[in-house]
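Reckoned from all heavy atoms, side chains included, excluding hydrogens, waters and symmetry mates.
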Amino acid sequence: MNIKIDKLSQQNAEKIADDWKYDGEYSFYDMTEDIEDYEEIISPLLRENNYFQVIRNDELFGFFVLEQTENIVDMGVGLKPELTGNGLGIQFIFLILNYIKENYSVPTVRLGVAKFNIRAQKVYEKAGFIKTREYEQPTNGATYTFVEMKFHY
């Protein structure tokens with residue numbers, strides 16, 4: 001399998017923002033559900049150098065966003081909607097964790113996942129993340145409970 005990680009291109013940013021639609025309750029993750037997320041991903045200025053695309057066999061497989069603060073990298077991820085629920089998540093997360101290890105000098109990776117998204121939480125736990133707390137976060141026009149998870153190298 002041929003996998004390549006690059007900075008997120010404008011073309012793929014727009015594809016993710018406008019075309020990626022998740023089924024059922026996972027539509028929560030559609031970029032069009034939150035105007036701030038949407039504007040950030042489509043704007044090269046707002047994306048800065050924090051967004052990356054994962055290309056597998058010459059096709060967009062997923063993306064991730066990384067932001068370093070002191071000794072932590074905050075991570076956000078998105079897998080192409082048609083690929084979710086097919087057991088590919090763990091491979092995707094390990095790929096990102098390896099990228100972070102090779103490109104950042106931090107001992108900890110942190111992420112937040114919506115509390116209802118048990119499927120993703122199980123993948124993160126399989127990859128070695130530990131739940132550290134729950135918190136409320138305004139997004140998508142309301143306030144939702146999220147689970148913070150951390151991975152230590």
Side-chain angles (χ1 to χ4, degrees), residues 3-22 26-56 59-84 88-117 119-133 135-141 143-153:
I3 294 182
K4 195 167 75 172
I5 296 174
D6 292 310
K7 297 285 185 210
L8 181 60
S9 71
Q10 185 63 31
Q11 179 182 357
N12 283 336
E14 291 173 11
K15 190 181 294 185
I16 292 164
D18 294 326
D19 300 339
W20 282 21
K21 302 296 180 193
Y22 297 91
Y26 298 104
S27 66
F28 175 87
Y29 293 104
D30 295 355
M31 287 292 173
T32 51
E33 292 297 305
D34 187 293
I35 192 67
E36 287 177 11
D37 289 345
Y38 182 87
E39 288 176 352
E40 183 174 308
I41 199 167
I42 63 167
S43 166
L45 187 64
L46 296 176
R47 271 197 321 268
E48 297 178 348
N49 291 315
N50 298 335
Y51 280 78
F52 302 86
Q53 60 191 18
V54 178
I55 307 295
R56 184 180 77 157
E59 291 202 21
L60 183 60
F61 180 74
F63 77 95
F64 58 97
V65 57
L66 304 174
E67 194 168 325
Q68 184 173 351
T69 54
E70 296 176 22
N71 290 329
I72 292 180
V73 167
D74 286 303
M75 174 176 98
V77 304
L79 188 63
K80 190 174 185 178
E82 309 75 278
L83 302 176
T84 61
L88 299 170
I90 190 76
Q91 171 191 357
F92 185 52
I93 298 304
F94 281 140
L95 183 75
I96 297 166
L97 289 173
N98 285 335
Y99 182 87
I100 293 169
K101 187 175 185 179
E102 291 172 8
N103 294 280
Y104 295 79
S105 297
V106 297
T108 305
V109 178
R110 176 175 59 197
L111 59 79
V113 58
K115 186 174 180 177
F116 76 82
N117 193 347
R119 183 172 73 184
Q121 290 175 48
K122 287 180 181 177
V123 170
Y124 299 137
E125 286 177 326
K126 253 189 197 173
F129 281 83
I130 297 166
K131 294 178 184 178
T132 50
R133 70 182 177 106
Y135 60 97
E136 301 297 311
Q137 180 171 313
T139 186
N140 298 24
T143 299
Y144 295 89
T145 303
F146 279 74
V147 176
E148 178 186 87
M149 302 181 80
K150 289 183 180 176
F151 176 89
H152 301 284
Y153 288 101

Taking C-beta and beyond as the side chain, do Phe28 and Thr139 meet within less than 4.5 Å on heavy atoms? yes

Minimum heavy-atom separation for Val106 and Asn71, please, with both atom names. CB-O, 3.6 Å

Other residues, nucleotides, ligands: >12 heavy atoms within 6.0 Å of Gln11 CD: no

Is atom NZ of Lys21 surrounded by more than 12 heavy atoms (other residues, nucleotides or ligands) closer than 6.0 Å? yes

Go through the steps to decide whether Phe64 and Ile5 satisfy the test side-chain contact (heavy atoms from CB on, under 4.5 Å), and finish with yes or no. CA-CA 10 Å; Phe64 58 97; Ile5 296 174; 3.8 Å; yes

Would you give the length of the straight line joining atom CZ of Phe116 to atom CZ of Phe146, rounded to the nearest 0.5 angstrom? 8.0 Å

Rounding to 0.5 Å, atoms OG1 (Thr84) and OH (Tyr26) come to a distance of 8.0 Å

Does Glu67 have more than 12 heavy atoms from other residues, nucleotides or ligands lying within 6.0 Å of its CD? no

Gap separating the NZ atom of Lys115 from the NZ atom of Lys131, nearest 0.5 angstrom: 8.5 Å

Keeping Lys7 on the side-chain end and Asn49 on the backbone end, is there a donor-acceptor pair under 3.5 Å? yes

More than 12 heavy atoms of other groups within 6.0 Å of Glu59 CD: no

Taking C-beta and beyond as the side chain, do Phe129 and Met75 meet within less than 4.5 Å on heavy atoms? yes

Does the side chain of Gln121 come under 3.5 Å of the side chain of Glu125 through a donor N or O and an acceptor N or O? no

Within the 4.5 Å heavy-atom criterion, are Arg110 and Thr132 side-chain neighbours or not? no

Nearest-0.5 Å distance that lies between atom CD1 in Ile42 and atom CG in Asp37: 11.5 Å

Calculate, to the nearest 0.5 Å, the distance between atoms CD and CE belonging to Glu39 and Met31 respectively. 12.5 Å

Assess whether side-chain contact (heavy atoms from CB on, under 4.5 Å) is satisfied between Tyr38 and Asp18, documenting all intermediate values. CA-CA 9 Å; Tyr38 182 87; Asp18 294 326; 2.5 Å; yes

May I ask you to test the Val109-Ile96 pair for a side-chain heavy-atom distance under 4.5 Å? no

At their closest point, which heavy atom of Ala17 faces which heavy atom of Ile41, and how far apart are they? CB-CG2, 3.7 Å

What verdict does the side-chain contact (heavy atoms from CB on, under 4.5 Å) test give for Lys150 and Ile130, after you've listed the backbone C-alpha separation in whole Å, the side-chain angles of each residue and the deciding distance to 0.1 Å? CA-CA 5 Å; Lys150 289 183 180 176; Ile130 297 166; 5.7 Å; no

Sub-4.5 Å side-chain heavy-atom contact between Leu88 and Arg56: yes

Run the numbers on Phe151 and Tyr153 for ring pair (Phe, Tyr, Trp, His ring centres under 6.0 Å), then give the verdict. CA-CA 7 Å; Phe151 176 89; Tyr153 288 101; 5.0 Å; yes

State, to 0.1 Å, how close Gln10 and Pro44 come at their nearest heavy-atom pair, and which atoms those are. OE1-CG, 3.2 Å

Here the pair of heavy atoms bringing Tyr29 nearest to Val113 is OH-CG2, 3.9 Å

I want to check something: taking the side chain as every heavy atom from C-beta on, are Asn12 and Ile55 in contact at a cut-off of under 4.5 Å? yes

Looking at every heavy atom in both Lys126 and Phe94, which two are closest together, and how far apart are they? O-CZ, 4.3 Å

Quick one, Ile3 and Gln91 - any side-chain contact, counting heavy atoms below 4.5 Å? yes

Check Trp20, Phe92, Phe52 against Phe61 for a ring-ring contact (aromatic ring centres under 6.0 Å, His included) and give me the one that passes. Phe92

Is any side-chain heavy atom of Val77 closer than 4.5 Å to a side-chain heavy atom of Leu111? no

Starting at CG of Asn140, measure out to OG of Ser27 and round the result to the nearest 0.5 Å. 8.5 Å

For the student: nearest non-hydrogen atoms of Ala127 and Ile90, plus distance: N-CD1, 3.5 Å

